[in-house]
2 protein chains.
Amino acid sequence: MVAVPNRDRQTERREATRREILHAAWDVAREQGLATLTLREIATRVGMRPPSLYSHFASKNAIYDAMYGQAWQTYLDLIPQQRAQLPSEPRAALKFVARLFFDFAAADLARHQLMTQRTIPGFTPSHESYAIAVEVLDELHQLLDRFGIRDPAAPDLYTALVGGLVDQQWANDPGGDRWRRLLDRAIDMYADEMGLPGPRGDTP
Amino acid sequence: MVAVPNRDRQTERREATRREILHAAWDVAREQGLATLTLREIATRVGMRPPSLYSHFASKNAIYDAMYGQAWQTYLDLIPQQRAQLPSEPRAALKFVARLFFDFAAADLARHQLMTQRTIPGFTPSHESYAIAVEVLDELHQLLDRFGIRDPAAPDLYTALVGGLVDQQWANDPGGDRWRRLLDRAIDMYADEMGLPGPRGDTP
DNA sequence: GTCTATACACCGATAGAC
DNA sequence: GTCTATCGGTGTATAGAC
C-alpha cells in the first residue's frame, strides 16, 4: 500500500511550494512595498515562470489573502507562549501584551499594512483568513475579561490606542521608538479609565 | 501697458488648469483607491492626453505631492473658523477639535491615507508640502499649551489616540460610527491623564 | 500648451504543449 | 505542474510637430 503515503508526500510537497511562494512574496513586499508586489517578481525569486504560480494560487488577490491569513496566524501562534510569560499583575500583563503586539506590528510595515490597513485597492480578506484575525481579537476580549474589564467599549478603545501608537510610529518615526516609549504610559492611562487596580509605572 | 495684466491672466489660467487636474486626481483616488491612480485616467477626466499633464506636473509623484499639500492646506484652512467656534471649557474644546479632525479624516479614505499613511511606495512629501502638515501640528501644540497641557508626551499621545480611532474606524467599520462614538470618552481619558480640570461627559 | 507618435517596460491572466 | 507563447491591456515618460 503506497497510495496513501504517496498522496501525503505529494500534498506535503505541494504545501511546501506554496510556502516557498509566499515566502518570496513577503520578501518582495518588504523590499519594494506591499502595493508594488507583482507575480513576475515572485516567480523570478522562486525560479518559476509567472504563469506557473497559477497552479498554486488562483489569482494575485489569492496570494494577498494567503499572506493576510499567514500574518494573523503567525501572531496567533505567539499567544500560547505569551500566556506562559504573562505577568500576574494586571497592568504589567496589559503592558506586556501591548508591547508584544506593538513590536510585531513595528517589525514589518508591509505585514502591518496588510493586516490592519486598506492599502491594496480591491483586496478584502476571505472569510477563512478573516476568521484568524477574529480569533486574535477574541483572545484580547478574554484577556480583558479575565482582568475584570467588562466595559463594552474596552476592546475597541484598546485596539484604537495600541494601533494608533503603531501607526504614528510608522508614519512619523519609522525604525525609531518615539511612540513605543509612550506605550506603558498609554496603558496606564487606559487602565485608569477602566478602573483597573494596581500601581502605575513602566515595565522594568 | 498690458504686459503685467496678461502675465497675471496667464498664470491664473495655469493655476486653474492645475487645480482642475488635481480635482480629477482626487476623484480617481476616491473612486478607485489611492494606489491605483494613473495619469491616463486623470488625463481622460480633464479631457487631455496623458503627456499633456507633464506641462503642469513634472511627474506622477509631483501630483501626489500637490495632493498631499492640498489636503493638509484644506485642513489648515478650517482652523480659523474652528477657533471661532471653540468652546471655552477645555475638555469641550479638546473634544470639539478631535471631532473636527476625526470627521475630516473619516470623510475620505484616499485623502486620509495620503496624509497619514505610507500607502504609496516611494512617495515622500516635499519639504514645502510637509511644512503645511507641520503647521497643523503646531496649532495642536499651541492649543494644548493654552490649556496648560505642557507634558512633553502630550502631543504625541494625542495624535496616536485620535489617529488610532480614525484608523480603526476605516479598517473595521468604514462608513459607520463604532469608533467615532468613543471619541468623547477617549478625550476624557486623555484629559484625566493630562490633569486637565473640568467635568467629564459627552458633548451635546 | 497641447497634440501625435512612440518608446520601453510592465501587468495579470489564459491556452495549450509537454 | 511547469513550460512557452501570447493576449490585451497597463504604466510613466520623452521627442517633436503644431
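- One atom, CZ of B:Arg49, and another, P of D:dG11, lie 15 Å apart when rounded to the nearest Å.
- With a 4.5 Å cut-off on side-chain heavy atoms, B:Asp167 and A:Thr116 do not count as touching.
- Of the candidates D:dT2, D:dG11, C:dA13, C:dA13 carries the atom nearest the A:Ser59 side chain, counting heavy atoms from C-beta on.
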Let's go through B:Arg13 and B:Thr17 carefully: what are the C-alpha distance in whole Å and the side-chain angles of both, what is the deciding distance for side chain to side chain donor-acceptor pair (under 3.5 Å) to 0.1 Å, and is it a yes or a no? CA-CA 6 Å; B:Arg13 187 74 196 78; B:Thr17 307; 3.3 Å; yes
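- Here B:Arg40 lies in heavy-atom contact (under 4.0 Å) with a base.
- Between the CG atom of B:Leu53 and the P atom of C:dG1 there is a distance of 13 Å, given to the nearest Å.
- What you find for B:Phe57 and B:Ile21 is that their closest heavy atoms are CE1-CG2, 3.7 Å.
- Closest approach to the A:Met48 side chain among D:dA13, D:dT2, C:dG12 is made by D:dT2 (side chain taken as heavy atoms from C-beta onward).
- For an aromatic pair to be called close, the ring centres must be under 6.0 Å apart, and B:Phe101 with B:Tyr75 satisfies this.
- Nearest to the side chain of B:Pro51, among D:dA15, C:dA13, D:dG11, sits D:dA15.
- Within 4.0 Å (heavy atoms only), A:Ile42 reaches no atom of the nucleic acid at all.
- A straight line from CZ of A:Phe57 to P of D:dT2 spans 12 Å, rounded to a whole angstrom.
- Proximity of A:Ser52 to the phosphate of D:dC3: a side-chain N or O atom is located under 4.0 Å from OP1 or OP2.
- Of the side-chain N and O atoms in B:Thr38, one or more sit less than 4.0 angstrom from OP1 or OP2 of D:dG11.
- No engagement by B:Pro50 is indicated, since no non-hydrogen atom pair under 4.0 Å with the nucleic acid exists.
- Nearest-nucleotide positions on DNA chain D for A:His56 and B:Tyr54 put A:His56 closer to the 5' end.
- Annotation: of the two residues near DNA chain C, A:Thr36 and A:Ala58, the 5′-most nearest-nucleotide partner is A:Thr36.
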